[in-house]
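These notes are about the structure you will find just below.
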2 protein chains.
Amino acid sequence: MWSNHINYHGAMRTHQLVLSWIENELSGGRLAVGGRLPAERTLAEQLKVSRTSVREAIRILEAMGVVRAGVGSGPEAGTVVIADPTAALASALRLHIATQHLPVADIVETRVLLESWAVAKASPDAPELADAAVLLEGMAAEGLGVGDFLALDVRFHLALADAAGNAVVSAMMGSLREAIQGYAAELTSNLPDWEATASRLRAEHEAILAAIRNNDGGLAAKLVAAHIEGYYKEAGLAS
Amino acid sequence: MWSNHINYHGAMRTHQLVLSWIENELSGGRLAVGGRLPAERTLAEQLKVSRTSVREAIRILEAMGVVRAGVGSGPEAGTVVIADPTAALASALRLHIATQHLPVADIVETRVLLESWAVAKASPDAPELADAAVLLEGMAAEGLGVGDFLALDVRFHLALADAAGNAVVSAMMGSLREAIQGYAAELTSNLPDWEATASRLRAEHEAILAAIRNNDGGLAAKLVAAHIEGYYKEAGLAS
DNA sequence: TAGGTCATGTGGTCCAACCACATCAACTAC
DNA sequence: GTAGTTGATGTGGTTGGACCACATGACCTA
């Protein structure tokens, strides 16, 4: 029985050691969002590991949306802590869709369930609803392109999700949306009459927002589910 | 004005190039779960990048639950493609909880909503329910430790989530559960009478399972929500 | 034939060097 | 004195090479 004060976690690889050091600093509050990690070379020396291992850990954190790395000098430089849970979930979902172990239909279904819950939970006077209303006005503009309409549509739905006030649900909604973004855009080419569809979507958006503001969460949830499923049905959902 | 034939994707870093190459192989079906990536040195030469960059990409995929790396020779060696979406979501959630930008209360709330949906959606004759029943028997065993009970409890709830047949929901449930695992275990020390609580949990489990099998999804959802919220309330939920 | 030995190929780790970039201080020309 | 230039500094980004531990399988040897 020996005590190895470095590898006491079993076969921990060096980059995992760096990872847990950083996670510890975060948990302990010594490192917070907006803060900076020590420079890679410095951190390597501190932890008695190679710069390579430090970089591997930072790359993982970057992929997880926990840090952002910038070269040069000044405010944009260095490795600073951010908080973008959506990024991590989105790339994870995208990669696993690529392995074809996450059916797109399941993603859509999950989005329906999360967003239904969100609108049912949202308070009628949540500030995010005002943002949503502004977005709706933008979507009513004359001569709006398909791409612009869809971009506003995404933001509208995310605003609804945010209105529920649950950070986890917001992040998951955003990631689901990102992961199937390209997919949803492709579907528009299947639509027989885009103007008619856009007009219908606008009306449904208004109805959803009205239901939330009328404190009728149950109705809002039903409308959202029908809204999303209707779109994919019209455009032809293939898995 | 010069043309950079490598960075035509803007400021794409070399490890991202490797990443997109691999993602492309996955999407195209040339690389599937169970398959092997070329050796790091080989891949580096193929893509005209350094081995370091290849390794950074692989490390990210590893953290995302897409590949597993093993040294030596034989079946366990090399970098092989796996499919563990739960791993990615779980570590992402854990890290962002560390940054204190994802409140534990939101995690619990999300778990309630996902699991309620799952039991409402589950088919009464889903094969996963049989597994769940077996787990319940195990939890009824005499002299079961707290840790063992909780381990079975986790598997029981995951079986319920799986019964809905949505891979995304299953993965998210699993990751939420993993991310707050330590938290839930700590709470047991707050319980005045573990035996009484365990007994109550067992009864509630039975009722949930019975409701699903009775095709009463609405009741099952209500029971699940009460079950989870009741536990955290009794143990004292602090954020 | 049984056993040991070594070559091979894998990922894991480290090092030393160089690059591009952004900032800031010092210097120079006007 | 001011404006512009120049260079030093420190950051992450990338590379090639070296060595290690490990698992296998082929090859010898007793």
Side-chain angles (χ1 to χ4, degrees), chain A residues 2 4 6-7 9-22 31 34-82, chain B residues 1-22 31 34-82:
Chain A
W2 85 97
N4 186 330
I6 291 188
N7 283 350
H9 281 141
M12 178 175 265
R13 286 177 290 177
T14 58
H15 80 270
Q16 291 175 319
L17 184 143
V18 180
L19 227 29
S20 36
W21 182 87
I22 295 178
L31 207 51
R36 289 185 132 65
L37 260 66
E40 295 177 354
R41 293 162 175 88
T42 309
L43 191 50
E45 195 180 4
Q46 275 186 24
L47 301 184
K48 301 277 194 296
V49 300
S50 72
R51 189 181 163 207
T52 309
S53 301
V54 172
R55 284 179 61 75
E56 286 180 353
I58 290 181
R59 279 285 144 75
I60 291 177
L61 292 176
E62 205 178 19
M64 293 289 192
V66 175
V67 304
R68 167 181 61 70
V71 293
S73 305
E76 294 303 308
T79 306
V80 334
V81 180
I82 61 179
Chain B
M1 175 61 61
W2 82 99
S3 131
N4 189 328
H5 65 94
I6 291 187
N7 285 351
Y8 58 91
H9 281 141
M12 179 176 262
R13 287 175 291 177
T14 58
H15 79 271
Q16 291 175 317
L17 184 143
V18 180
L19 227 30
S20 36
W21 182 87
I22 295 178
L31 206 52
R36 292 183 127 68
L37 259 66
E40 295 178 352
R41 294 162 175 88
T42 308
L43 191 50
E45 195 180 4
Q46 275 186 23
L47 301 183
K48 301 277 194 297
V49 300
S50 71
R51 190 183 160 204
T52 310
S53 301
V54 172
R55 285 180 60 76
E56 286 181 354
I58 291 179
R59 279 282 144 78
I60 291 178
L61 292 176
E62 204 177 18
M64 293 289 194
V66 175
V67 304
R68 168 181 62 69
V71 292
S73 306
E76 294 303 308
T79 306
V80 337
V81 180
I82 60 178

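Letters A, B, ... are given to chains in the order of the sequence lines, protein chains preceding strands, and every chain is numbered from 1.
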CD/Gln46(B): more than 12 non-hydrogen atoms of other groups inside 6.0 Å
yes

Verify, without hydrogens or angle tests, whether Gln16(A) (side chain) and Arg13(A) (backbone) share a donor-acceptor contact under 3.5 angstrom.
yes

So what does Arg68(B) touch, heavy atoms closer than 4.0 Å: a base, only the sugar-phosphate, or nothing?
nothing

Look at all strands and tell whether Thr52(B) reaches a base, only sugar-phosphate, or nothing, counting heavy atoms closer than 4.0 Å.
base

First-last contacting nucleotides on DNA chain D - partner chain B, under 4.0 angstrom, heavy atom:
dG13(D) to dT24(D)

Contacts of Arg51(A) and Arg59(B) projected onto DNA chain C by closest heavy atom; the upstream (5') one is Arg59(B)

Need to verify one output field. Residue with the more 5' nearest nucleotide on DNA chain C, Thr42(B) or Thr14(A)?
Thr42(B)

Gap between atom [atom2] of [Y] and atom [atom1] of [X] - 0.5 Å precision:
{"X": "Glu40(B)", "Y": "Leu43(B)", "atom1": "CD", "atom2": "CG", "result": "8.5 Å"}
{"X": "Glu62(B)", "Y": "Glu56(A)", "atom1": "CD", "atom2": "CD", "result": "9.0 Å"}
{"X": "Leu61(B)", "Y": "Arg68(B)", "atom1": "CG", "atom2": "CZ", "result": "14.0 Å"}
{"X": "Arg55(B)", "Y": "Thr79(B)", "atom1": "CZ", "atom2": "OG1", "result": "8.5 Å"}

Atom pair distance, as rounded to whole Å: [atom1] in [X] and [atom2] in [N]:
{"X": "Leu43(A)", "N": "dC14(C)", "atom1": "CG", "atom2": "P", "answer": "13 Å"}
{"X": "Arg13(A)", "N": "dG11(C)", "atom1": "CZ", "atom2": "P", "answer": "12 Å"}
{"X": "Gln16(A)", "N": "dG12(C)", "atom1": "CD", "atom2": "C1'", "answer": "11 Å"}
{"X": "His15(A)", "N": "dC14(C)", "atom1": "NE2", "atom2": "P", "answer": "12 Å"}
{"X": "Glu45(A)", "N": "dC15(C)", "atom1": "CD", "atom2": "C1'", "answer": "14 Å"}
{"X": "Leu47(A)", "N": "dT13(C)", "atom1": "CG", "atom2": "P", "answer": "14 Å"}

Could one point to a donor on the side chain of Arg41(B) or the base of dG11(C) with an acceptor on the other under 3.5 Å away?
yes

Where is the tightest heavy-atom contact between Ala77(B) and Gly72(B), given as atom of each residue plus distance?
CB-O, 3.1 Å

Closest non-hydrogen atom pair, Val67(A) against Leu37(A):
CG1-CD1, 4.4 Å

Close residues, residues 70-79 of chain A, relative to DNA chain D [heavy-atom separation under 4.0 Å]
Gly70(A), Val71(A), Gly72(A), Ser73(A), Gly78(A), Thr79(A)

Taking the side chain as every heavy atom from C-beta outward, state whether Ile60(B) and His15(B) have any atom pair closer than 4.5 Å.
yes

On DNA chain D, does the nearest nucleotide to Ser53(B) precede the nearest nucleotide to Ala39(A) from the 5' side, or the other way round? Give the residue.
Ala39(A)

